[in-house]
Amino acid sequence: MKRILITGAAGFLGSHLCDKFINEGFHVIGIDNLITGDLKNIEHLFPLEHFEFYHHDVSKFVHVSGELDYILHFASPASPIDYLKIPIQTLKVGSLGTHNLLGLAKAKNARILIASTSEVYGDPLVHPQSEGYYGNVNTIGPRGVYDEAKRFQESITMAYHRFHGLETRIVRIFNTYGPRMRLNDGRVIPAFIGQALRGEDLTVFGDGFQTRSFCYVDDQVEGIYKLLFSDYVYPVNIGNPNEISIKDFAEEIIKLTGTNQKIIYKPLPQDDPLQRQPNIELAKKVLGWEPKVGRDEGMKLTFDYFKGLTEEELYKSEHKDFSKHIKL
C-alpha cells in the first residue's frame, strides 16, 4: 500500500484530498497545526485503519516514520482575512515549511507536489493568465506575504528538482469552492452565502466589475491527483475558466438563496486583483483534465452544506482566534 503525507489535512482542500487518497487505496498521514484547519473536516476518517493524523506545525522539523511515497504540501492560510492577521506564519509555512518537506521528500525518495496559487500572478496585466506569465505582484504590500511565500515555494521546489533530482510537481490553484469552506474566512462565496442566510445585505468591494473564476472542489482534487501522477515538473494552472463579475455573482447568490437582500459597496482592498481567470490549455494537454461541474450545480451543493450549519455557527462573527499562535 502506497503511503502519502498530506499537510494542511484538516483544511478545506486538504480534507478533500485526504478523502480522495483514502478512496484510491492509499495509507494517508495527515498533518495540520489547526491554525486555520478544523478537525471536524476529517473526523469521519479517524476510525479508518489507513488514516493517521498528527497535530504539528510543518514550519518546524517534520519526521515521519517508515517509507513514504508521496507528499502533498497544502499547509498554509489561504484567505486574505487569515494571512493578513498571521503574516509571519504565512511566510514561514511557505518558506521554512516547504524547505522541511522538500528535505523529507529527499530523505524518503518521495515525490512531492506543492500547492501554489493564482496569486503568484498578482493583479495581472495579462488575461487570462497562463503559466508563462511572470505576474504583477507588490512584494511589500499587505497581500505580498501570501503571494511571495508561494512564489518562493515554487522557486525552492524547482531548485530541489534541478539540484537534487527530486521528483516535484507544482499546482497553481485558482479560486476553489465547495463544502467545508469556513463561513467567515473572508472569501467571496462563504461571505455571500453567510450574509444571505443571516438576512444581511451582500457586501461587494469596489465597483463589482472585478472578475473571478470558481472551480468546484471535486474538479480541483481530480486535477491535483492527475498532476501528481503525471511526468510534468513545471507549474500547471488548475481552475475553472468560466469567468463572472463579482456584482453578477452576488445577484446569482441572491437568486440561489431565495432571499431579497440588497448589494452594498465598500472600498476595494489594496492590491486586490481586478481579473482572475485561468488559461487551462496546459492542463488539458498534459493531464487530459478540464472541469466538469458547472457553477449552478456546484453552488447548489455548497449552499446545501452551509444550510446545514447550526445557528451558533451561522452567527459566529469570527471562526478563528489566532492569539495563541502569535508570539509577541
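For clarity, every value in this text was computed on a predicted model and none was experimentally measured.
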Taking the six-membered ring of Y160, is NZ or CZ of K106 closer than 6.0 Å to its centre and within 45° of its axis? no

At what distance, to the nearest 0.5 angstrom, does [atom1] of [X] lie from [atom2] of [Y]?
X	Y	atom1	atom2	value
Y315	T310	OH	OG1	11.5 Å
I189	M181	CD1	CE	6.0 Å
T157	I114	OG1	CD1	4.0 Å
I6	D32	CD1	CG	11.5 Å
I81	T36	CD1	OG1	12.5 Å
E222	C215	CD	SG	11.0 Å

Has [X] got a side-chain atom pairing as donor or acceptor with [Y]'s backbone, closer than 3.5 angstrom?
X	Y	value
W289	D219	yes
T257	K255	no
Q210	F205	yes
R169	I112	no
H55	N33	yes
T90	P77	no
R3	E67	yes
N41	A10	yes
Q277	S213	no
N100	V58	yes

Testing the basics here: between [X] and [Y], what is the closest heavy-atom pair and its distance to 0.1 Å?
X	Y	answer
N237	P278	CB-CB, 4.4 Å
H56	K60	NE2-O, 3.7 Å
V64	K108	O-NZ, 2.8 Å
L68	A110	O-CB, 3.4 Å

Measuring only between side-chain heavy atoms, which start at C-beta, is [X] closer than 4.5 Å to [Y]?
X	Y	value
K266	V204	no
F74	I173	yes
Y146	S76	yes
I280	I238	no
L72	L5	no
I254	F192	no
I253	I193	yes

Do [X] and [Y] meet the criterion of a side-chain donor-acceptor pair at a distance under 3.5 Å?
X	Y	answer
R180	S15	yes
E243	H127	yes
Q275	T211	no
E52	Y54	yes
Q261	T259	yes
S95	Q153	no
H16	Q220	no
D147	Y83	no

From T139, L91, I86, residue fulfilling side-chain contact (heavy atoms from CB on, under 4.5 Å) relative to V145: L91

Is any NZ, NE, NH1 or NH2 atom of the basic residue among [X] and [Y] found under 4.0 Å from an Asp or Glu carboxylate oxygen of the other?
X	Y	value
E251	K247	yes
K262	D201	yes
E154	R172	yes
R151	E148	yes

Would the number of heavy atoms belonging to other residues, nucleotides or ligands and lying under 6.0 Å from [atom1] of [X] be above 12?
X	atom1	value
I88	CD1	no
Y134	OH	no
D304	CG	yes
D248	CG	yes
E252	CD	yes

Check for me whether the distance between the ring centres of [X] and [Y] falls short of 6.0 Å.
X	Y	value
F229	Y70	yes
Y225	F21	yes
F214	F249	yes

Go through the steps for F53 and L45 under the test side-chain contact (heavy atoms from CB on, under 4.5 Å), then give the verdict. CA-CA 9 Å; F53 176 77; L45 299 175; over 6 Å; no

Assess the residue pair V171 and L228 against the criterion (side-chain contact (heavy atoms from CB on, under 4.5 Å)); give the C-alpha distance rounded to whole Å, side-chain angles, the decisive distance to 0.1 Å, and a yes or no. CA-CA 9 Å; V171 58; L228 178 66; over 6 Å; no

Please enumerate all residues that pass side-chain contact (heavy atoms from CB on, under 4.5 Å) together with A191, with sequence neighbours excluded. none

Show, in sequence, the C-alpha distance, side-chain angles and deciding distance for D218 and K292, and conclude whether the salt bridge (Lys or Arg N to Asp or Glu O under 4.0 Å) test is met. CA-CA 9 Å; D218 289 359; K292 297 177 180 176; over 6 Å; no

Run the salt bridge (Lys or Arg N to Asp or Glu O under 4.0 Å) test on K40 and E313 for me, step by step, so that the C-alpha distance in whole Å, both residues' side-chain angles and the decisive distance to 0.1 Å come before the verdict. CA-CA 13 Å; K40 73 177 183 180; E313 290 171 322; 3.1 Å; yes

CA sep, side-chain torsions, deciding dist, call: L113, I170, side-chain contact (heavy atoms from CB on, under 4.5 Å): CA-CA 6 Å; L113 181 148; I170 300 171; over 6 Å; no

